[in-house]
Protein chains: 2
Amino acid sequence: MLDLDRLFHALADPARRAMLERLTRGPTPVSELARPLPMSLPAAMQHLGVLETAGLVRSEKVGRVRICAIEPQALDEVERWINARRVEWTRRLDRLGEYLKTLEGEGDGAGC
Amino acid sequence: MLDLDRLFHALADPARRAMLERLTRGPTPVSELARPLPMSLPAAMQHLGVLETAGLVRSEKVGRVRICAIEPQALDEVERWINARRVEWTRRLDRLGEYLKTLEGEGDGAGC
DNA sequence: GCATTGGTTAAGCACACACCTAACTATCGC
DNA sequence: GCGATAGTTAGGTGTGTGCTTAACCAATGC
């Protein structure tokens with residue numbers, strides 16, 4: 001399984017995104033991440049595992065609590081992929097625009 | 001199911017991403033989208049369906065050929081979400097940096 | 001030490017996903 | 001019309017995902 005697969009898959013679940021959003025407010029223990037979610041603690045832990053294997057979250061056990069924190073550069077690869085696509089798309093659209101403009105520029109409508 | 005769920009889910013599969021990448025080179029018939037993929041045509045069509053319900057691709061039937069094209073603004077919502085997260089993260093990191101600098105600035109190390 | 005709190009593991013279940021093959025429909029070229 | 005081409009639908013299968021409950025550690029607080 002590729003990195004991007006894991007990343008996008010991890011982000012595709014609202015519970016996991018909610019966890020990430022909570023984590024932007026700072027490091028958080030597992031139980032507090034799980035509390036607002038409408039599911040059991042083991043289920044939440046499973047989501048956490050997905051986030052962790054995707055590299056989006058790092059966690060560390062301190063005493064009996066596990067503190068989770070966000071991995072800030074994890075989204076870089078995702079953003080790179082998206083931007084690469086967007087660049088190509090807009091370039092294509094620009095070329096199309098240019099092309100249409102050239103057609104306009106010519107005195108007579110070519111074909112059409 | 002939320003929009004973001006559908007979007008991220010659609011992007012979480014390498015076959016679907018490959019289709020999108022092919023589509024950045026311009027509108028493409030189904031069979032050409034499917035050709036490079038290591039799967040049957042119906043399977044590819046299923047992936048296409050996922051892309052379409054996610055709003056990433058639009059398609060139109062011309063004669064017996066179905067032409068698929070990319071929906072350029074579909075990634076906007078994805079990018080918005082990612083940027084929102086990133087902004088908060090870096091703001092947090094900046095605040096942390098500021099805080100550490102203030103500690104440094106004070107003559108004596110406060111505690112620690 | 002003993003109950004409580006925080007987390008983890010195990011086992012199992014329902015459903016969705018990603019594929020396949022086979023059969024079918026609709027258009028194109030002649 | 002008729003065969004070939006492009007796509008679609010139907011039905012079935014193995015695997016993965018998302019969740020549950022129950023049982024099980026391991027630190028803490030007293």
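In what follows, chains are A, B, ... by sequence order, proteins preceding strands, each numbered from 1. Since the structure is predicted, the reported quantities are computational estimates derived from the model, not experimental observations.
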ask   = Which whole-number value in Å describes the distance from B:His9 NE2 to C:dC15 P?
value = 18 Å
query = Would the number of heavy atoms belonging to other residues, nucleotides or ligands and lying under 6.0 Å from CD of A:Glu60 be above 12?
reply = no
inquiry  = Need one value for B:Ser31: base, sugar-phosphate or nothing, where a base atom within 4.0 Å counts as base even if backbone is also close, heavy atoms only.
reply    = sugar-phosphate
inquiry  = Given the structure, check if the side chain of A:Arg64 and the base of D:dA27 hold any donor-acceptor pair shorter than 3.5 Å.
reply    = yes
ask   = C:dC20 C1' sits how many Å from B:Met45 CE, rounded?
value = 15 Å
query = CG of B:Asp5 versus P of D:dT17: gap in Å, rounded?
reply = 16 Å
task = Let me know the distance between CE of A:Met39 and P of D:dT20, rounded to the nearest Å.
result = 7 Å
remark   = Smallest heavy-atom separation, B:Leu23 atom then B:Cys68 atom, equals CD2-O, 3.4 Å
task = Specify the separation, in whole Å, of atom CG of A:Leu37 and atom C1' of D:dT20.
result = 15 Å
query = Rounded to the nearest Å, what distance is computed from the CG atom of residue A:Leu48 to the C1' atom of nucleotide D:dC19?
reply = 16 Å
request  = May I ask you to decide if A:Pro29's main-chain N or O and A:Ser31's side chain share a donor-acceptor pair within less than 3.5 Å?
outcome  = no
task = Tell me whether the OP1 or OP2 atom of D:dT20 has a side-chain N or O from A:Ser40 closer than 4.0 Å.
result = yes
message = Assuming nearest nucleotide by heavy-atom distance, tell me which of A:Lys61 and A:Gln46 is located more 5' along DNA chain C.
response = A:Lys61
task = For B:Arg16, report the nucleic acid contact type (base, sugar-phosphate, nothing); a contact means any heavy atom under 4.0 Å.
result = sugar-phosphate
message = As a test of reading the structure: which of D:dG18, C:dA10, C:dT21 is closest to the side chain of B:Pro42, going by heavy atoms?
response = C:dT21
task = Figure out the CG/C1' separation between B:Leu11 and C:dC17, and round it to whole Å.
result = 16 Å
query = When the distance from CD of B:Glu60 to P of D:dA6 is rounded to whole Å, what number comes out?
reply = 18 Å
ask   = Which of parallel (below 30°), tilted (30 to 60°) and perpendicular (above 60°) describes A:Trp81 and A:Phe8?
value = perpendicular
key: Where at least one partner belongs to residues 36-49 of chain B, residue pairs that pass salt bridge (charged side-chain N to carboxylate O under 4.0 Å, His left out), sequence neighbours excluded   = none
ask   = Does A:His47 have a side-chain nitrogen or oxygen under 4.0 Å from the phosphate oxygens OP1 or OP2 of D:dC19?
value = yes
ask   = To the side chain of B:Val30, which of D:dT8, C:dC20, C:dG7 is closest?
value = D:dT8
